[in-house]
Amino acid sequence: MRIPSLYFENTPLYGDLYMEEILVDYDYPLLMVLQDVSERRYLCMCFDTRGSQQWLITPIVWRT
């Protein structure tokens, strides 16, 4: 499956979100880290796939 770099376009709260890391996948990413144009990070979890994908997106602080 081809994963686009721009994963979510023009979200109401966060704008464009780009793929950084897939943490869990099955036929598509289920849990991943995305990044906006200001390099802030977001944890994204797919919680429902009946009919269409439903996503929970929350800002996170990534510390190394």
Side-chain angles (χ1 to χ4, degrees):
M1 171 181 190
R2 183 188 158 294
I3 305 295
S5 174
L6 175 59
Y7 203 82
F8 292 117
E9 185 175 7
N10 198 25
T11 65
L13 294 176
Y14 310 119
D16 293 342
L17 295 175
Y18 297 87
M19 178 66 65
E20 182 173 13
E21 177 105 17
I22 297 172
L23 304 173
V24 177
D25 69 344
Y26 186 61
D27 288 332
Y28 47 86
L30 296 174
L31 181 64
M32 61 190 164
V33 176
L34 300 181
Q35 203 172 50
D36 66 13
V37 294
S38 299
E39 297 186 357
R40 290 181 295 248
R41 291 182 171 93
Y42 302 86
L43 186 63
C44 302
M45 182 185 81
C46 183
F47 65 89
D48 189 5
T49 59
R50 294 171 292 186
S52 65
Q53 294 178 353
Q54 303 271 333
W55 290 90
L56 174 67
I57 302 173
T58 188
I60 58 171
V61 177
W62 191 282
R63 299 183 196 267
T64 56

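Heavy-atom basis, side chains included; hydrogens, waters and symmetry copies ignored.
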Heavy-atom check, side chain of T11 versus side chain of D36, under 4.5 Å: no
Pairing residues for D25 by the side chain to side chain donor-acceptor pair (under 3.5 Å) criterion, not counting sequence neighbours: none
Over all atoms of both residues, closest heavy-atom pair of C46 and Y28: SG-CE1, 4.1 Å
Any donor-acceptor pair under 3.5 Å from T49 side chain to Q53 backbone: no
Residue list, side chain to side chain contact (heavy atoms under 4.5 Å, CB included) with S52, at least two apart or on another chain: Q54
Side-chain heavy atoms of P29 within contact of Y7, under 4.5 Å: yes
Rounded distance (nearest 0.5 Å) linking atom CE of M19 with atom CZ of F8: 8.0 Å
Separation of E21 CD from Q35 CD (nearest 0.5 Å): 11.0 Å
Option passing side chain to side chain contact (heavy atoms under 4.5 Å, CB included) with L43 (candidates L56, I57, L34, L31): L31
For E9, all residues meeting side chain to side chain contact (heavy atoms under 4.5 Å, CB included), sequence neighbours excluded: L6, D16
Residues that N10 engages under side chain to side chain donor-acceptor pair (under 3.5 Å), provided they are two or more places apart: none
Residue list, side chain to side chain donor-acceptor pair (under 3.5 Å) with Y14, at least two apart or on another chain: none
Side chain to side chain contact (heavy atoms under 4.5 Å, CB included) against Y26, all qualifying residues, sequence neighbours excluded: L30
